[in-house]
Visitor: 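Before I ask anything, here is the structure I am working with.
To find a chain, count down the sequence lines: A is the first, B the second, and so on, and within it residues start at 1.
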Number of protein chains: 2
Amino acid sequence: MNLENTQVQMRKGILEFCILGIIARGEIYSSDILEELTSAKIMVVDGTLYPLLTRLKNAGLVEYRWVESDSGPPRKYFTITETGKTFLEQLQLTWDELVSSTQQIIQKSKLTA
Amino acid sequence: MNLENTQVQMRKGILEFCILGIIARGEIYSSDILEELTSAKIMVVDGTLYPLLTRLKNAGLVEYRWVESDSGPPRKYFTITETGKTFLEQLQLTWDELVSSTQQIIQKSKLTA
DNA sequence: CCAAGTACCTTGTATAACAAAGTACCTTTT
DNA sequence: AAAAGGTACTTTGTTATACAAGGTACTTGG
C-alpha cells in the first residue's frame with residue numbers, strides 16, 4: 001500500500017462520471033476528451049478510455065458517428081443520449097453525497113486562507 | 001453497466017481515506033467504525049473493513065491493541081501512527097484536487113437554492 | 001511505395017470491494 | 001457444565017476497473 005496506488009484507486013470510479021460529463025457538454029472525440037481530462041489533472045491513458053467509451057455506448061448512455069478528419073483516420077464523435085443525461089444526473093447526486101460524506105468524516109481543522 | 005454498480009465503483013478508493021480519517025480522530029474499533037461509515041451513508045460490510053484494516057496496519061499507517069470487552073470477545077482498538085497522519089494529509093490533498101477537478105469538468109447550471 | 005503520425009482496439013495483470021461462509025471467544029440460559 | 005446465541009474477527013471466490021503494453025488500420029508526405 002503506497003500513496004500512488006491509493007491515489008489511483010481514488011480516481012477509479014469517477015472516470016465514468018467525468019467522461020460522461022464531458023460528452024454531455026457537446027459532441028467530442030477521444031483525443032479531445034483525453035485533453036480535457038489531462039487539463040483537469042485526471043490522467044488517463046487511451047487504453048483505459050476506449051473500452052470505457054465502448055461500455056458507455058453499449059449501455060446506451062452515449063452515441064457516436066464517424067467523422068472524416070483533415071489529417072488522419074476518421075474519428076468517432078460522441079454525444080450523450082437522453083438515457084445518458086438521466087444517468088449523469090443521478091451520478092451527480094451520488095457524487096455530491098459522497099463529497100458531503102467525506103467532509104462529514106474528515107474534520108478539517110485548518111481554515112482556507 | 002447499471003447505476004448501482006457505478007455508484008459502488010465511485011465509492012471504491014475513498015474507503016481507505018475515510019477509515020483512516022475516522023481512526024485519526026481517536027482510538028476506535030471495527031464495529032464503531034462501521035457505525036460511523038453507515039451514519040455518513042457510506043455502506044460497507046465487515047468483510048470489506050477487516051482486510052482493509054489489516055492492510056493499513058501492515059503498511060504501518062495504524063496500530064492496534066487488544067482490549068477486553070464487557071460483553072463479548074476482545075476487540076482490536078486502532079490508533080493512527082505518525083506515518084499514517086502524513087499519509088492522510090496527502091490523501092486529503094489528493095481528494096481535494098479530485099473534487100476540484102470534477103467541479104471543473106461538470107459544469108453545474110443550477111444554482112443551489 | 002514506404003515511413004510517420006493519428007485513431008482506435010485488445011490482452012494480460014493488479015487491486016479492491018463484495019457476498020458468503022467460517023472460526024473463535026464470551027455471556028447467558030438451562 | 002453443556003448448549004445456545006451474540007459479538008468480533010477472518011478467509012475464499014467472484015466481479016469490475018484501470019493500467020501497461022502491444023497491435024491494427026487509415027491517412028498523409030516524401
Visitor: With side chains defined as the heavy atoms from C-beta onward, is the minimum distance between Q92(B) and F17(B) less than 4.5 Å?
Guide: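 The answer is yes, as the side chains (C-beta and beyond) meet within the 4.5 Å cut-off.
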
Visitor: For side-chain contact (heavy atoms from CB on, under 4.5 Å), just list the numbers for V67(B) and R65(B), CA-CA rounded to whole Å, side-chain angles, deciding distance to a tenth of an Å, and then say yes or no.
Guide: CA-CA 6 Å; V67(B) 175; R65(B) 62 187 181 103; 3.7 Å; yes

Visitor: With the criterion being N/O to N/O and under 3.5 Å, what pairs connect the protein with nucleotides 26-30 of chain D, and how long is each?
Guide:
none

Visitor: Is the shortest side-chain heavy-atom distance between I14(A) and L91(A) below 4.5 Å?
Guide: no

Visitor: When you check the phosphate oxygens OP1 and OP2 of dA7(C), does a side-chain N or O of S30(A) lie under 4.0 Å from one of them?
Guide: no

Visitor: How long is the span from the CD1 atom in I19(A) to the CG atom in L61(A), to the nearest 0.5 Å?
Guide: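 Reported value, rounded in 0.5 Å steps: 12.0 Å.
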
Visitor: Does any non-hydrogen side-chain atom of C18(B) lie less than 4.5 Å from one of I106(A)?
Guide: no

Visitor: Could you go over nucleotides 9-11 of chain C and give all protein N or O partners under 3.5 Å, atom names and distances?
Guide:
residue: dC9(C); atom: OP1; partner: K76(A); partner atom: NZ; Å: 2.7
residue: dC9(C); atom: OP2; partner: K76(A); partner atom: NZ; Å: 3.3

Visitor: Answer yes or no on whether K76(B) is positioned over the face of Y29(B), meaning its NZ or CZ is under 6.0 Å from the six-membered ring centre and within 45° of the axis.
Guide: no

Visitor: If you measure from CD1 on I80(B) to CG on L20(B), what distance do you get to the nearest 0.5 Å?
Guide: 4.0 Å

Visitor: How would you label the contact of M10(A) with the nucleic acid (heavy atoms, under 4.0 Å): base, sugar-phosphate, or nothing?
Guide: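 It contacts nothing in the nucleic acid.
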
Visitor: For side-chain hydrogen bond (donor to acceptor under 3.5 Å, both in side chains), just list the numbers for E27(A) and T79(A), CA-CA rounded to whole Å, side-chain angles, deciding distance to a tenth of an Å, and then say yes or no.
Guide: CA-CA 5 Å; E27(A) 199 175 41; T79(A) 48; 5.3 Å; no

Visitor: Can you confirm whether or not the ring centre of F78(B) sits under 6.0 Å from the ring centre of Y64(B)?
Guide: yes

Visitor: Under 4.0 Å from OP1 or OP2 of dT15(C): is there any side-chain N or O of R55(B) that close?
Guide: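 It does not, given that no N or O in the side chain of R55(B) lies less than 4.0 Å from OP1 or OP2 of dT15(C).
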
Visitor: Can you tell me if S69(B) uses its side chain to pair, donor with acceptor, with the backbone of P74(B) under 3.5 Å?
Guide: no

Visitor: May I ask you to list the residues of residues 31-40 of chain B, by number, that have any heavy atom positioned under 4.0 Å from an atom of DNA chain C?
Guide: none

